Amino acid sequence: MYLTPQRILLAGATGLTGEHLLDRLLNEPTVECVLAPTRKALAEHPRLDNPIGPLRTLLPQLSGDIDTAFCCLGSTLKEAGSQEAFRAIDHDLVLAFAERARELGARHLLVISSLGANPQSNLFYCRTKGEMEEALQAQDWPQLTIARPSQLLGPRMEIRPLERMTAPLSQLLPGKYRGIAACTLARALWRLALEDNDGVRIVESDELRKLGK
């Protein structure tokens, strides 16, 4: 069964995937409005509500009825500067966003996690993502979709030398380990948003690529 989300809350609209997803949402005639808080102003659009400021500060101020929430928040250990700062974004801020989205009436949350997310992982990055997933499931969402993409491919504003080096190789890997284009992930997220299936769905990168074609 498919439903059409009309009122959307989007976090991470200036990120690699978030930019593609926002463009997709604003070009969907069935979407009534997109509430997208960001630090920097986005291009104006008649169906875009764009509060400006730090997300933590803006969350309590957000208002309106929401059908579906997308969380495209994500950082790297290098960008964050420390494990504590990374966790504050990729775990704590994601959970705070989800809680506020639920308060605004959202029934379905779609969140970008990561390949290898596991709360028991020896790798800090994967463990943090796994703990985030676990905590979201504990929020008892009517519908929760967790996307686990592999390496995201596409041009970024910031320079990530390691990603530039590994991106060509990631496209040669098999199955869920192969890199996925951010625009493909955005299309997959929208398609998943149309599904009306109660409970938790975890979607690995190989399935995301198929859904985003």
Side-chain angles (χ1 to χ4, degrees), residues 5 7-26 31-114 117 124-125 127-136 138-139 141 144-147 149 152 154-160 163 182 185-186 189 193:
R7 296 174 299 275
I8 307 293
L9 176 61
L10 170 61
T14 59
L16 182 59
T17 303
E19 285 185 339
H20 288 287
L21 182 57
L22 177 63
D23 183 66
R24 177 83 183 197
L25 295 173
L26 293 177
V31 172
E32 181 181 310
C33 66
V34 178
L35 175 58
T38 57
R39 283 182 174 272
K40 297 180 180 180
L42 300 169
E44 293 186 4
H45 189 283
R47 288 184 284 132
L48 174 63
D49 184 358
N50 179 214
I52 307 299
L55 183 56
R56 287 188 183 278
T57 302
L58 293 176
L59 283 177
Q61 305 172 23
L62 300 180
S63 61
D65 295 326
I66 298 299
D67 298 317
T68 301
F70 293 91
C71 186
C72 300
L73 297 173
S75 184
T76 65
L77 286 168
K78 182 177 180 180
E79 287 177 341
S82 68
Q83 290 187 347
E84 293 75 14
F86 173 81
R87 184 179 176 84
I89 298 170
D90 286 60
H91 181 280
D92 301 347
L93 188 55
V94 171
L95 296 183
F97 170 80
E99 289 174 359
R100 185 59 183 145
R102 194 75 186 97
E103 291 171 355
L104 294 174
R107 182 187 178 281
H108 187 185
L109 173 67
L110 299 98
V111 60
I112 298 177
S113 181
S114 173
F124 176 78
Y125 181 90
R127 185 169 67 251
T128 300
K129 293 292 190 179
E131 290 172 350
M132 176 269 287
E133 292 184 7
E134 198 172 58
L136 287 177
Q139 290 183 352
W141 278 82
L144 173 62
T145 300
I146 297 171
L152 291 176
R156 295 181 184 270
M157 293 296 292
E158 72 277 13
I159 298 175
R160 295 183 178 181
E163 286 191 2
L185 176 56
L189 288 171

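Position 1 is the first residue of the sequence, and the numbers go up from there. Just so it is clear, the values below take in all heavy atoms, side chains as well, and ignore hydrogens, waters and symmetry mates. Note that the structure is predicted; figures quoted are calculated from it, not measured.
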Can a donor-acceptor pair be found, under 3.5 Å and without considering hydrogens, that links the side chain of Asp90 to the backbone of Ser75?
yes

If only atom types and distance count, is the side chain of Arg7 paired as donor or acceptor with the main-chain N or O of Cys33 below 3.5 Å?
no

Looking at every heavy atom in both Ala182 and Leu16, which two are closest together, and how far apart are they?
CB-CG, 3.5 Å

Would you mind listing every side-chain hydrogen bond (donor to acceptor under 3.5 Å, both in side chains) that reaches into residues 56-65, with sequence neighbours excluded?
none

Separation of Cys71 SG from Leu95 CG (nearest 0.5 Å):
9.0 Å

Considering all heavy atoms of both residues, which atom of Phe86 and which atom of Thr76 are nearest to each other, and what is their separation?
CD1-C, 3.7 Å

Please lay out, stage by stage, how Asp49 and Val34 fare under the test side chain to side chain contact (heavy atoms under 4.5 Å, CB included).
CA-CA 6 Å; Asp49 184 358; Val34 178; over 6 Å; no

Presence of salt bridge, Arg102 and Glu99, under 4.0 angstrom
no

Euclidean distance, Arg100 CZ relative to Leu9 CG, rounded to 0.5 Å
9.5 Å

Any side-chain heavy-atom pair from Thr17 and Leu189 closer than 4.5 angstrom?
yes

Side-chain contact test, heavy atoms from C-beta onward, threshold under 4.5 Å: evaluate it for Phe70 versus Leu25 and give yes or no.
yes

How long is the straight-line distance from CZ of Arg87 back to CG of Leu93, given to the nearest 0.5 Å?
13.0 Å

Leu73 side chain near Leu55 side chain, heavy-atom distance below 4.5 Å:
yes

Rounded distance [0.5 Å steps], CD1 in Ile66 versus NE2 in His108:
14.5 Å

In terms of heavy-atom contacts, Pro5 and Val31 come closest through O-CG2, 3.8 Å

Spacing of Leu136 atom CG and Leu144 atom CG [to the nearest 0.5 Å]
6.0 Å

Nearest 0.5 Å, please: how far is CG in Leu48 from CG in Leu10?
9.0 Å

Under 3.5 Å, is there a donor-acceptor pair between the side chain of Asn50 and the main chain of Pro37?
no

Please enumerate all residues that pass salt bridge (Lys or Arg N to Asp or Glu O under 4.0 Å) together with Arg127, with sequence neighbours excluded.
none

Looking only at heavy atoms, what is the nearest atom pair of Ala69 and Ala101, with distance?
CB-CB, 3.7 Å

Closer than 3.5 angstrom, by distance alone: can the side chain of Arg47 be matched with the main-chain N or O of Glu32 as a donor-acceptor pair?
no

Check: Leu22 and Leu42 side chains under 4.5 Å, non-hydrogen atoms:
yes

Are the side chain of Ser114 and the backbone N or O of Ala117 linked by a donor-acceptor pair below 3.5 Å?
no

Which atom names give the shortest non-hydrogen contact between Ala193 and Leu110, and what distance separates them?
N-CD2, 3.7 Å

Just wondering, do Ser113 and Val111 contact through their side chains at under 4.5 Å, heavy atoms?
no

Residue pair Arg107, Asp67: steps toward the salt bridge (Lys or Arg N to Asp or Glu O under 4.0 Å) verdict
CA-CA 6 Å; Arg107 182 187 178 281; Asp67 298 317; over 6 Å; no

For the residue pair Thr14 and Glu19, what are the closest heavy atoms and their distance?
O-OE2, 3.5 Å

